[in-house]
Amino acid sequence: MITYPNCKINLGLHVVGKRPDGYHDLETIFLPVHTLRDELEIIEGPLSMQQDGITLDNAPEDNLCMKAWSLLHEEFDVPAVSIRLKKGIPFGAGLGGGSSDAAFTLKMLNEMFSLGLTAAQLEQRAARLGADCAFFIQNRSAYATGIGDQLQPLPEFSILNSQFSIQIEIPEGEHVSTKEAYSGLKCDLFGTQRPDLRKVVEQPIGEWRTLIVNDFEASVFPAHPAIAALKESIYARGAIYASMTGSGAAVFGIFSV
């Protein structure tokens, strides 16, 4: 079986507070983007993990796809599988590529071995693998809270139709670790009253530039000026709206076609 795990972007990202468990509570809108994706093949056979395409910084056995298989193997005794992953989504970019791979692995194994898990049950298991893994189970626009695992489906956005294009770019050589992005956050953000993203995105896209904020830009841009420069470059090329996605380093622009 072969599938094509896609990436996501964030429309706005508010860090609203730090939790007792050390994680942070967020508010964001996830949008799936299907023009940037990986290729994932799973067949029944000797347990193995092959990684091709963009070179990853983890050992194959530590890949989230293997962790997804282990989770279902422990619960349902699913057979050993051979996994081949061809990476097209850069890592350390805020695009959710690893989370997407893990979620698609869960869905594929559920189908291959007739486990009968519902979307909600798959989301529960996906959330154990990563904060935004659950989003990729239904893989549709959603308002996310908690650590990114509490999802409220939203109507599809007009920017996902043929009148607009979403272009994603990453400055060469730039990677931002999640730890780095969080360590630079200013605590005075926490508890600050924010506009409801669900209402803000109903405004014309041309107004988003002054309304929608990714809090991580304030902590990431000073340390990575190339990312800030890329955002300005995307605006200079005519984007209606541009933003860093997630904790970086990727920046997306929305253009009229």
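- The structure places OG1 of T3 at 6.5 Å from CD1 of I42, a figure rounded to the nearest 0.5 Å.
- At least one side-chain heavy atom of P153 sits less than 4.5 Å from a side-chain heavy atom of R140.
- Taking the side-chain contact (heavy atoms from CB on, under 4.5 Å) definition, one finds that S177 meets it with K179, E180, sequence neighbours left out.
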Which side-chain N or O atoms in residues 244-257 pair as donor and acceptor under 3.5 Å with protein atoms at least two apart or in another chain?
residue: T245; atom: OG1; partner: N10; partner atom: N; Å: 2.9
residue: T245; atom: OG1; partner: N10; partner atom: OD1; Å: 3.1
residue: T245; atom: OG1; partner: G94; partner atom: O; Å: 3.4

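- For the residue pair E156 and S141, a side-chain donor N or O sits within less than 3.5 Å of a side-chain acceptor on the partner.
- Neither side chain, Q50 nor E41, offers a donor N or O lying under 3.5 Å from an acceptor on the other.
- Each of L109, V81, I83 was scored for a side chain to side chain contact (heavy atoms under 4.5 Å, CB included) with C65, with one residue passing: I83.
- Judged purely by atom type and a 3.5 angstrom limit, S219 uses its side chain to pair as donor or acceptor with the backbone of A181.
- In this structure, K107 and L122 have side chains that are in contact, with non-hydrogen atoms separated by less than 4.5 Å.
- Proximity of V78 to M112: side-chain heavy atoms (C-beta onward) are nowhere separated by under 4.5 Å.
- Grouped by direct or indirect side-chain proximity (heavy atoms under 4.5 Å, Ile/Leu/Val/Met/Phe/Trp/Tyr only), F30 sits with F135, F136, L151.
- Judged by distance alone, with hydrogens and angles left aside, the side-chain atoms of D215 form a donor-acceptor pair with the main-chain N or O of V15 at under 3.5 Å.
- A donor-acceptor contact under 3.5 angstrom links the side chains of R198 and Q152, judged on distance only.
- Both tests hold for R209 against Y235: distance to the six-membered ring centre under 6.0 Å, angle to the ring axis within 45°.
- Looking at heavy atoms from C-beta onward, E61 lies out of side-chain contact with M49 at the 4.5 angstrom threshold.
- With I29 as the fixed residue, the side chain to side chain contact (heavy atoms under 4.5 Å, CB included) test singles out one of L13, I212, V200, L197: L197.
- Side-chain contact between L106 and L129 is present, with heavy atoms from C-beta onward closer than 4.5 Å.
- Clustering ILVMFWY residues whenever any of their side-chain heavy atoms sit less than 4.5 angstrom apart, transitively, puts L95 in a cluster other than the one holding L40.
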